[in-house]
Structure formats: C-alpha cells, structure tokens
Amino acid sequence: MHYLADGLRLPTNGLDYTILAIYFAVVLGIGFAARASVKTSLDFFLSGRSLPAWVTGLAFVAANLGATEILGMAATGAQYGVAVVHWYWIGAIPAMVFLGLVMMPFYYGSKVRSVPEFLLQRFDRPAHLLSSVLFAFAAILIAGVNLYALSIVVEALLGWPQWVSIVVAGFFVLAYITVGGLSSAIYNEVLQFFVILAALIPLTVLGLKRVGGWDGLTGSLEKNHGSDFLTAWGGTGIGDPNPLGANWLTIVLGLGFVLSFGYWTTNFAEVQRALSAKNLSAAKRTPLIAAFPKIFIVFVVMIPGLVAAVLVPKIGTAGSDLTYNDAIPLLMQELLPNGVLGIAVTGLLAAFMAGMAANVSSFNTVFTADIWAKYVVKGRDDTYYLRFGRLITAIGVLASIGTAFLAASFSNIMGYLQTLFSFFNVPMFVVFIIGMFWKRASVKSGFWGLIAGTVAAMVNYFVIYKQGVIAIPTDQGANFVSAIVGFVAGAVVMVAVTLFTAPKPEAELAGLVYGTRSPGMEEAPSEGDDAWYRRPALLGWGAVVLAAACYLPYSF
C-alpha cells in the first residue's frame, strides 16, 4: 500500500477532534464496564458463552469490516469497477451461510474454545499444535496489517507521525481487551459497526450527488472505462484479458470456494464471535445475521471507489500522484464538512481497531488455551490462565506493532492479506471439511494435510508465479490459484495418508463428523455410508482434476 498523497491532508478542526476524543473515551468506558463480567477464563476468552445472537452477529461482520477492507475495496472499485462485488456475493455470503447451517453445530456442540481445538478432538496433537501455531502467527501478521494501514491514514489525514499512530491505536486496543476480554471487544465492535456506517453512508450519498446520481456515474464510467467496468462478469471468459487478471473459473473456485470458505469457516477471529453466543441456536444464527448487512455493505465501499474514478479519471495511473488507495480519503476531503468529517475519521479509526481487536482477541485465546495450557504449563487453576491471557494479550499487541513495520515492506495490503489467507486459512479448511465429512479420515492425515496445503500454496506463489514458470497476470489471480493448489494438495495428501494409516475409533467421532450427534448438539443430519464424500477414490480423482483445471486457463 502506497503512502497517501500529501495533498490529502484533511481540514480538521476542534469539533472533529472532539468527536474523536469522545469515541476513544466511550471505547475505554465499554472496556471497564465489561470488566465486571470477567471472572473466569471462559468469560475472558468467550464471554462466558452468554451473548445474544444480534450482538454476536453485528460483531461478526464488524470484525471483518476493518479499514483495510474499506480502503482496499474502495480502491478495488476504482481500479476494477463493479467486479468488486465478487468479494462479497461470491467470496463471503455463501461461506457465511455454510458456516451457520453446517459447521457451527460441530464447533458449538463440541464445546471447543477455539477452532484449532476442534482439530485436537477430530485428529491428533500434532495437527492441533501445528494449526494453533500457524493461526497464532497469521493473527499477529494480520493485526499488524491493520495497525500499519491505520498509521498511514492517520499520518496523511491528521498529520500524526506514523509511529505515534501505531503506538496510540495499539494502546487503546490493548487497554479495552486486557480489561474486558472478548466481551469488551465484541461490544466495541457493535459500536464500531454503526460508527463505520455513519462514516460511509454520507460519503456514498454525497459522492453520488456530486457526479449526477447513478445515471451520471454509470455514463461517465462507461465512457472512460468501457462497459465491462460496470459488470461483474465482463471479460472473465477463459482466455479473455481483464484488469483483474482472473477468469470465471478461478473466481468461482479460487475466490468463491477455497479462499472464502477457508476464511469464513476456519478463521477463529470470526468464528470466536459465534462461539460466544448463549446457545447453539444463537451461534448458528450469528453468521446468518451478519450475512444480511454484508450483502449491502459492498455498495458503501464500492460506490465511493467508482465516484473517485469519475472525479479523478487518472487516479492510480502513472500520470497521477494519487493511488487507488486514496479513493476514500479523497472523497472525505472533497465532500465532507467539519463535524461529519470528524465522524468519518472516527469511522476509519474504528474500522482499523475492530480489525485489530478481532485478531488480537483470537490470538490470545489460541495461544493460551491451545498452546500454553496444553503443551507448556498444564493443569494450573483457572485464575492462572486468566492472568496469563491478559499477559499474552499485551505481548500480542507489542508483536503486532512489530509486524506493522513488516507490512510496510509490501506494496499492496489487500494483496498481502489475500496471500496470507491462501497460505494459512485454506490448508486448515481442507483438513476441516474432509475431517467433518469423511469418517475414515485418519488421525495422522490432518497433520500431513496441513503441511501439504501450506507448502503447496507457498510453492505456487513464490516459485510458479514469482519465478514466471506459468504466466499469471496479477497478484490477485495468483492468490486465487495458490488457494486452489493448496486445497487440492491438502486433499490428495489426506486421502493418501488415510489409506495407509489407522482411522479414529468410530465411538470417538460422535459430534465431530457429519451424520453423528453428541449430547451438545440439538440435531445432526444423517447420511448413508455410500455418500459421495465418503469415497476416497472420488475425492482423489476430483482433486487431481481440480488441480489441472486451475492452471488450464493460463495456457490459452
């Protein structure tokens, strides 16, 4: 992500800073108010499994609505046009519905505290430890991305030095999570959801008014960028060139299936919100409730990007000092009066803090419950793990500050995030999905599936793509292909290892595999033993065909 242009410094005044100060005071107030409810480690890490569905649902969507998404998706709209809807309607909604209807009964019914802990019950300790370490590492990297992006925006818009922005934001997140635990993070995310919308909706409405409404916007874009800019699928035929550098096959398989399902169903920063719900029904409804605003949020991030493409036709081109990432700040400078400007800046900061808090709160849970308590210091009383959870939260925030500077070495934050997802989330997804739907999957297959998926995705990205073995036009296209390759490699290795190793005793699979039920589950659908997903030959051949298909389009 490039630095925002110097000319984008906002004309903020005392009213705007007052709004910002009030917001920070409320954030800390919520943290201290939530402290009274934190008496056990379950209260700290999962809010005592006591929150209503509407709270967890809004927190679920807000945890994802970080400012990296707001800036990044507006930038994608300015660069690629209406194709940005793929990340929402193809790359989010189906996976969120699948999580709520299919996977949450397994997560919540098994009473796990984290996503990696489910792998311990379904597979073995090596698979559990590896997934815990990979997730903890990825959570800190992604939290650092949010901090770094925040520092760039604050430095350009308000004039604060970058290191001050990183430290101040890190301090506030540390304060309210350490004091109030997950409850504090979730209730702040509910607040942040409405603050973010209060920033984006006026920007969208005033932007449309400036360019002559929807007809004026579409007319200008079609004239300057062509008709494909206004359609989601234009130019995505196999062999057809398009700015996105992807075709319908890699969009559907890479983004719509592997990346989106890998992120939404196994990313503990999201699933943790549903696990904190008060019962299984509320847990299942959490991602479904979140899916409704997610359908429409695309408009308030896409339209500002499209408006910016009209107001500054050369944005992102070699002849302009404005990058695509400047779309939102540009409109804030051009359109918003003081007061509303303060709300908009507060909304951006709220979005960054929501994204960081989601990753830090999931990191402290996984590190404490899945690594420290199970492999380092075992069998201590609950008070010890509550104290350690607060300590590791502070360490996690400090580590995030370090990785914020690491993120500065990457030229595009959204591309960086998608790359991380293909490396860490996709291999975990393939292990989960095969483990949940195939009883025969052996205890050893989980570990080797994780290894194979992670290594294959990295090899595709760093060797096949970066070294030019196969010409993939863009980083985004390469991320889609890496995700597919990682999924296929993990699936093939899991099937192969299963055929030569012992399965888990069927009595130990209750509530962990589709078609079984445990006392913690209200209901579980059943399937016959001849279901297609129980046949390793079909799984293996299907994976091989998928692997060939993901490279085929680039040979045309």
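For clarity, every value in this text was computed on a predicted model and none was experimentally measured. Sequential numbering from 1 along the given sequence is applied to the chain's residues.
Atom CG of residue N425 and atom OG1 of residue T266 lie 4.5 Å apart, to the nearest 0.5 angstrom. Separating the CD atom in E189 from the OG atom in S361 is a distance of 6.5 Å, to the nearest 0.5 Å. Atom-to-atom distance recorded for L306:CG and L311:CG is 11.0 Å, nearest 0.5 angstrom. Remark: T76 OG1 to M302 CE distance equals 11.5 Å, nearest 0.5 Å.
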Yes or no on ring-ring contact (aromatic ring centres under 6.0 Å, His included) for F118 and Y107, after CA distance, side-chain angles and deciding distance? CA-CA 7 Å; F118 184 87; Y107 286 143; 5.8 Å; yes
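The closest side-chain donor-acceptor pair between S114 and Q272, if any, does not fall under 3.5 angstrom. In summary, the side chains of S482 and S422 do not present any donor paired with an acceptor at a separation below 3.5 Å, with no hydrogens or angles considered. No side-chain N or O of R390 forms a donor-acceptor pair with one of T368 less than 3.5 Å apart.
Here F261 and F98 bring their ring centres to under 6.0 angstrom of each other. W264 and F60 have their aromatic ring centers within a separation under 6.0 angstrom.
Annotation: F171, atom CZ; neighbour count of heavy atoms from other residues, nucleotides and ligands within 6.0 Å does not exceed 12.
Sorted by first and then second residue, the ring-ring contact (aromatic ring centres under 6.0 Å, His included) pairs with a member in residues 285-309 read W89-F299; sequence neighbours excluded.
In this structure, I297 and F193 have side chains that are in contact, with non-hydrogen atoms separated by less than 4.5 Å. Between W372 and F388, the closest side-chain pair of non-hydrogen atoms falls below 4.5 Å.
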